[in-house]
Amino acid sequence: MRHWLIKSEPDVFGIDHLAKVKQEPWSGVRNYQARNYMRDEMKPGDLALFYHSNATPPGSVGVAKVVGAPYPDPTQFDPESEYYDPKSTKENPRWILVDFEFVAKFPTEVPLQQMKDDAALEGMMVLQKGTRLSITPVEAKHFKRVCKLGGWKA
DNA sequence: GCCAACGTTGGC
DNA sequence: GCCAACGTTGGC
């Protein structure tokens, strides 16, 4: 099993939203590298840290699980959607997503600053300067460490 | 609101 | 294929 980190803005879709709806298509990703992770590398059962960006403070707030197989992001075909992509066709869809299922909300949030200050998390991709990727792979040891800091045990 | 970092676009 | 211009991300 692999581990990931997925960013979302809590004003748009936060961990509480996921807890409420239980499952959500991860739509709106318009970055090829992030798409490739979902399309080619994520497997059902993979766990992801749920990270709040553009938040006060930003940080890891819970865990979500990949469910099902990848499929085309429906918002790319919807002219009314802000994620509409006129260059994408149903025959050859450009944007592929997976669904995430709610697993847990951390009893304690793990702010970005705490993650940066934690020696055990050194080298984590999301902590590298200039990393804007909304989906990044996470090493198992880093995943476990963040969960521990969040006061959550699988 | 600022701005560094970085991805994308489009002219050539 | 190069690269300047532009747009977006996201922390602060």
Side-chain angles (χ1 to χ4, degrees), chain A residues 2-21 24-42 46-66 70-100 102-139 141-143 145-152:
Chain A
R2 297 191 60 181
H3 298 83
W4 308 92
L5 180 143
I6 55 175
K7 292 182 189 173
S8 191
E9 300 187 23
D11 291 345
V12 179
F13 189 87
I15 187 73
D16 291 330
H17 294 87
L18 185 62
K20 192 173 180 185
V21 299
E24 179 75 6
W26 211 243
S27 60
V29 172
R30 294 295 179 267
N31 172 282
Y32 289 106
Q33 204 173 340
R35 177 206 64 183
N36 292 347
Y37 285 139
M38 288 197 284
R39 185 187 65 183
D40 305 331
E41 301 192 37
M42 284 191 186
D46 283 3
L47 294 178
L49 296 168
F50 199 107
Y51 178 91
H52 280 170
S53 59
N54 276 322
T56 46
S60 301
V61 295
V63 174
K65 181 165 71 176
V66 176
Y71 62 97
D73 181 343
T75 64
Q76 70 194 303
F77 306 123
D78 178 6
E80 301 299 314
S81 171
E82 62 176 312
Y83 301 121
Y84 178 60
D85 185 347
K87 293 177 187 162
S88 187
T89 63
K90 297 216 174 186
E91 293 71 29
N92 190 20
R94 181 180 292 191
W95 305 110
I96 305 293
L97 55 69
V98 297
D99 284 7
F100 281 99
F102 178 78
V103 173
K105 180 179 177 177
F106 289 153
T108 315
E109 283 190 23
V110 186
L112 175 61
Q113 191 59 54
Q114 185 183 2
M115 294 170 67
K116 284 180 174 173
D117 291 343
D118 194 309
L121 296 179
E122 196 178 350
M124 208 173 159
M125 196 187 273
V126 75
L127 302 180
Q128 306 308 306
K129 192 179 179 184
T131 297
R132 301 179 312 167
L133 255 188
S134 60
I135 298 176
T136 54
V138 173
E139 293 177 47
K141 64 178 180 183
H142 290 157
F143 183 89
R145 176 63 179 166
V146 173
C147 289
K148 188 174 183 185
L149 294 173
W152 183 74

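Just so we're on the same page: letters track the sequence lines, and every chain starts at 1.
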Tyr32(A) has an atom OH; how far is it from atom P of dT9(C), in whole Å? 15 Å

Given dT9(C), is OP1 or OP2 found less than 4.0 Å from the side-chain N or O atoms of Lys7(A)? no

Any donor-acceptor pair under 3.5 Å linking the side-chain atoms of Arg30(A) with those of Thr75(A)? yes

Atom pair CG/CD of Asn54(A) and Glu9(A) - distance to nearest 0.5 Å: 4.0 Å

Could you state the NZ-C1' distance from Lys116(A) to dG11(C), rounded to the nearest angstrom? 7 Å

What is the distance, to the nearest angstrom, from the CZ atom on Arg132(A) to the P atom on dC3(B)? 17 Å

CG of Leu127(A) versus P of dA5(B): gap in Å, rounded? 17 Å

Does a donor on one side chain and an acceptor on the other come within less than 3.5 Å for Asp78(A) and Tyr83(A)? no

Interatomic distance where OH belongs to Tyr83(A) and P belongs to dT9(C) [whole Å]: 8 Å

note: Asn31(A), atom CG; dG7(C), atom P; distance rounded to Å ~ 18 Å

Using atom OH of Tyr51(A) as one end and atom C1' of dT9(C) as the other, report the distance to the nearest whole Å. 11 Å

Could you give the CD-to-C1' distance, from Gln128(A) to dG11(C), as a whole number of Å? 15 Å

First locate atom CZ of Arg2(A), then atom CD of Glu41(A), and finally report the distance between them rounded to the nearest 0.5 Å. 4.5 Å

Under-4.0 Å side-chain N/O to phosphate OP1/OP2 contact, Lys129(A) with dT9(C): no

